[in-house]
A.B. asks: 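My questions all concern the structure below.
Each residue takes its place number in the sequence, starting with 1. Read the numbers this way: they start at 1 and go in the same order the structure lists the ligands and their atoms. As the structure is a computational prediction, the values presented were derived from the model and not from experiment.
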Amino acid sequence: MMPEKSAIASAVRTAHADHAGDTGGANASYIPYLASVDPSLFGVCVATADGDVFEAGDAGFEFALESISKVCSMALAMEHTGLPEFHDKVGADPTGEPFNSVIALALHGGKPLSPLVNAGAMSTVSLIPAASADERWQKILAMQSAFAGRDIRLSDAVNDSEQSTNFHNRAIAWLLYSSGSMYSDPMEACEVYTRQCSTLVTTRDLAVMGATVAARGRNPVTGKQVFDPSLVPPILAEMTMEGLYTSSGDWAYRVGLPGKSGVGGGVLAIMPGTLAIAAFSPPLDPAGNSVRAQKAVASVAAALKLNIYNATDFAQ
Ligand code: GLN
């Protein structure tokens with residue numbers, strides 16, 4: 001059941017007001033561009049499966065999508081391979097290690113385990129059928145745009161900053177190739193993966209992207225069916241298991257909504273069938289999740305009594 005509009009508007013306002021003064025965490029520093037973003041920026045937004053949008057703070061500021069891009073590419077690859085093959089090749093388990101872990105690969109015979117860590121995300125990109133890097137990239141960009149309901153664009157500044165420093169991801173791509181978990185040229189997959197992380201979105205875009213998942217693959221603002229509804233449960237399962245990396249279990253315990261974060265400072269959570277909650281603020285915790293965005297999303301979820309493990313709670 002959809003919460004009242006006035007309740008959503010008030011939950012968004014309160015989440016922003018209650019956390020506007022929080023200062024914990026630090027911007028990602030391993031990507032030079034991200035270190036330079038104003039750490040005081042803070043936006044909160046809810047988009048519903050009916051297409052209503054409620055926002056507060058800097059919800060119109062454009063920031064780097066980063067790992068949240070992994071959700072769009074996962075949908076694209078799943079549509080192509082079908083669910084059993086995607087599950088078999090990429091996996092659906094938490095790694096228990098940081099998002100760029102090499103140890104996690106070594107421990108599991110070079111299999112990435114999840115499309116939401118860097119290794120699995122590069123495998124995922126390599127599964128998208130394409131004859132060239134540009135074709136692969138255009139498909140991903142079109143998918144991000146369909147999720148958001150507007151033309152999403154690459155930031156050259158973010159992309160240059162990432163491409164010139166992503167030696168670690170290139171090493172992971174070669175390890176995947178050597179273990180048979182890379183399905184295109186590994187450097188092409190790494191390069192396109194890095195581009196997909198370097199697009200710009202607003203907190204509002206992020207909420208609409210999440211609402212597209214909440215609305216069974218149909219963007220509730222544009223009305224366009226973006227991906228097949230059968231992909232929603234596996235996408236949400238992947239998000240539950242690894243969406244906030246090593247904090248995914250804590251997040252499920254405390255908040256109870258499938259989520260996804262990015263080192264640009266975005267956090268997204270989805271109540272299937274109902275709405276998505278997005279927040280953005282650059283300073284991160286040690287796991288790579290925005291401190292303030294996590295708090296804001298948790299605050300909105302609690303205020304609206306949204307928790308997939310207690311789905312009857314809000315339907316009183
Ligand atoms: N582009 C970043 C990387 O590959 C994305 C990581 C993230 O957002 N967790 O390291």
Side-chain angles (χ1 to χ4, degrees), residues 25-37 62-74 94-105 112-126 137 140-141 144 152 154-176 182 186-201 203 205-206 209 238-239 241-248 251 259-269 278-291 293-294:
N27 286 33
S29 58
Y30 74 104
I31 298 170
Y33 176 96
L34 298 181
S36 72
V37 181
E62 287 191 316
F63 59 94
L65 182 59
E66 297 296 344
S67 269
I68 304 167
S69 66
K70 291 166 177 163
V71 176
C72 302
S73 296
M74 157 166 70
T95 66
E97 300 293 337
F99 59 78
N100 59 358
S101 176
V102 171
I103 291 175
L105 272 182
L113 297 195
S114 165
L116 300 182
V117 293
N118 292 7
M122 287 189 278
S123 273
T124 298
V125 166
S126 79
W137 163 240
I140 291 172
L141 190 60
Q144 289 187 8
I152 296 298
L154 182 75
S155 161
D156 288 330
V158 180
N159 190 44
D160 291 349
S161 185
E162 299 217 17
Q163 300 284 2
S164 58
T165 54
N166 70 347
F167 313 111
H168 192 94
N169 283 339
R170 281 183 233 167
I172 291 173
W174 280 118
L175 285 174
L176 289 164
M182 187 57 95
M187 290 302 94
E188 179 182 320
C190 183
E191 199 264 338
V192 173
Y193 159 74
T194 304
R195 276 196 242 178
Q196 81 173 29
C197 292
S198 305
T199 55
L200 295 179
V201 294
T203 312
D205 291 330
L206 209 52
M209 289 169 127
E238 299 275 17
M239 290 174 72
M241 288 294 126
E242 188 61 72
L244 277 85
Y245 307 115
T246 48
S247 305
S248 300
W251 177 261
K260 185 72 206 86
S261 67
V263 290
V267 173
L268 173 64
F280 154 70
S281 188
L284 310 179
D285 68 14
N289 303 316
S290 167
V291 173
Q294 286 182 85

A.B. asks: Listed by chain and number, what are the ring-ring contact (aromatic ring centres under 6.0 Å, His included) partners of Tyr193, not counting sequence neighbours?
C.D. replies: none

A.B. asks: Who pairs with Glu191 by salt bridge (Lys or Arg N to Asp or Glu O under 4.0 Å), at least two apart in sequence or on another chain?
C.D. replies: Arg195

A.B. asks: Quick one: side-chain contact (heavy atoms from CB on, under 4.5 Å) partners of Ala104, sequence neighbours excluded?
C.D. replies: Thr95, Glu97, Ser101

A.B. asks: Ser73 side chain to Lys70 main-chain N or O, any donor-acceptor pair under 3.5 Å?
C.D. replies: no

A.B. asks: Would you check, one step at a time, whether the test side chain to side chain contact (heavy atoms under 4.5 Å, CB included) holds for Trp251 with Ser261?
C.D. replies: CA-CA 11 Å; Trp251 177 261; Ser261 67; over 6 Å; no

A.B. asks: Between ligand 1 and the protein, tabulate every N or O atom pair separated by less than 3.5 Å, reporting distance only.
C.D. replies:
from: ligand 1; atom 1: 1 (N); to: Glu66; atom 2: OE1; distance (Å): 2.7
from: ligand 1; atom 1: 1 (N); to: Glu162; atom 2: OE1; distance (Å): 2.9
from: ligand 1; atom 1: 4 (O); to: Asn118; atom 2: ND2; distance (Å): 3.1
from: ligand 1; atom 1: 4 (O); to: Asn169; atom 2: ND2; distance (Å): 2.8
from: ligand 1; atom 1: 4 (O); to: Tyr193; atom 2: OH; distance (Å): 2.8
from: ligand 1; atom 1: 8 (O); to: Ser67; atom 2: N; distance (Å): 3.1
from: ligand 1; atom 1: 8 (O); to: Ser67; atom 2: OG; distance (Å): 2.9
from: ligand 1; atom 1: 8 (O); to: Val263; atom 2: N; distance (Å): 2.8
from: ligand 1; atom 1: 9 (N); to: Ser67; atom 2: OG; distance (Å): 2.9
from: ligand 1; atom 1: 9 (N); to: Tyr245; atom 2: OH; distance (Å): 2.9
from: ligand 1; atom 1: 10 (O); to: Tyr30; atom 2: OH; distance (Å): 2.6
from: ligand 1; atom 1: 10 (O); to: Asn118; atom 2: ND2; distance (Å): 3.3

A.B. asks: Backbone N or O of Ser290 within a donor-acceptor pair of the Gln294 side chain at under 3.5 Å?
C.D. replies: yes

